[in-house]
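Following: one structure in structure tokens, then a few remarks.
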Amino acid sequence: MAQNTSKTARASVRAGQAGASGALSVLGEFKYLIPLNGGKHVYVRNLTNGKTNRLSTSSDAFVEEIRVLAGAGHATKLRVELQALNSAHPGHGWDATEQRLVDAGVFEAA
């Protein structure tokens, strides 16, 4: 991992990998989105470049990061994760976050 990654970020990534037997052998178990601050921020785990970024869900950088993942063929999995987050945390605004991505055309190219 990068040297400038915080201890909290590393712990969150490890927690997201917990169900994958210590390896990313099955992409179905890989979580792209790790929610923070009641849905205001999120760690986005990007398979295309191997980085995990902490982003505000209302930022343009978040939209572009999701656009990169959707363009790489991960759109369906991302939408499923957003819907699961909305079901698990209905008051955190994940439905609005998904709608913002849809309105930005993030999932159209996929």
Side-chain angles (χ1 to χ4, degrees):
M1 246 184 222
Q3 291 179 5
N4 61 353
T5 304
S6 72
K7 180 171 56 173
T8 304
R10 289 190 303 270
S12 293
V13 170
R14 281 192 304 274
Q17 291 175 336
S21 303
L24 296 176
S25 60
V26 179
L27 290 178
E29 296 178 17
F30 186 84
K31 299 290 184 197
Y32 295 94
L33 305 172
I34 301 169
L36 303 165
N37 304 336
K40 295 177 186 172
H41 294 89
V42 65
Y43 282 125
V44 179
R45 296 170 53 186
N46 190 329
L47 281 176
T48 63
N49 62 17
K51 295 183 180 180
T52 299
N53 295 309
R54 181 183 188 273
L55 302 168
S56 169
T57 54
S58 62
S59 71
D60 290 337
F62 172 72
V63 172
E64 291 310 312
E65 188 76 9
I66 299 301
R67 187 184 312 275
V68 167
L69 286 168
H74 305 284
T76 302
K77 177 74 168 126
L78 286 163
R79 292 206 69 179
V80 168
E81 278 195 39
L82 287 165
Q83 292 163 4
L85 285 170
N86 188 50
S87 294
H89 311 286
H92 291 183
W94 292 106
D95 54 344
T97 299
E98 181 181 10
Q99 187 59 48
R100 184 170 175 262
L101 293 168
V102 169
D103 292 346
V106 170
F107 299 116
E108 291 176 7

Sorted by chain and residue number, the salt bridge (charged side-chain N to carboxylate O under 4.0 Å, His left out) partners of Glu81 (sequence neighbours excluded) come out as Lys77
Nearest heavy-atom approach of Ala104 to Val63 is CB-CG1, 3.9 Å
Contacts under 3.5 angstrom, residues 86-94 side chains, donor-acceptor by atom type, not counting sequence neighbours:
{"residue": "Asn86", "atom": "OD1", "partner": "Asp95", "partner atom": "N", "Å": "3.4"}
{"residue": "Ser87", "atom": "OG", "partner": "Gln83", "partner atom": "O", "Å": "3.2"}

Residues at least two apart in sequence or cross-chain that pass side-chain contact (heavy atoms from CB on, under 4.5 Å) with Gln99, listed by chain then number, are Val102, Asp103
Distance-only, no hydrogens or angles: does the Arg45 side chain make a donor-acceptor pair with backbone N or O of Ile34 under 3.5 Å?
no
Those residues at least two apart in sequence (or on a different chain) that pass side-chain contact (heavy atoms from CB on, under 4.5 Å) with His41 are Leu36, Asn37, Arg54, Ser56
Contacts of Ala96 meeting side-chain contact (heavy atoms from CB on, under 4.5 Å) (sequence neighbours excluded), chain-then-number -> none
Residues at least two apart in sequence or cross-chain that pass side-chain hydrogen bond (donor to acceptor under 3.5 Å, both in side chains) with Asp60, listed by chain then number, are none
In this structure, CG of Leu55 is separated from CZ of Phe62 (nearest 0.5 Å) by 7.5 Å
To the nearest 0.5 Å, atom CD1 of Ile66 lies from atom CG of Leu82 at 6.5 Å
Applying side-chain contact (heavy atoms from CB on, under 4.5 Å) to Val68 and not counting sequence neighbours gives Asn46, Thr48
Taking the side chain as C-beta and beyond, is there a heavy-atom pair between Phe107 and Leu78 under 4.5 Å? yes
Looking only at heavy atoms, the pair that brings Val106 and Ala70 closest together is O-CB, 3.6 Å
Val44 versus Thr52: any side-chain heavy-atom pair under 4.5 Å?
no
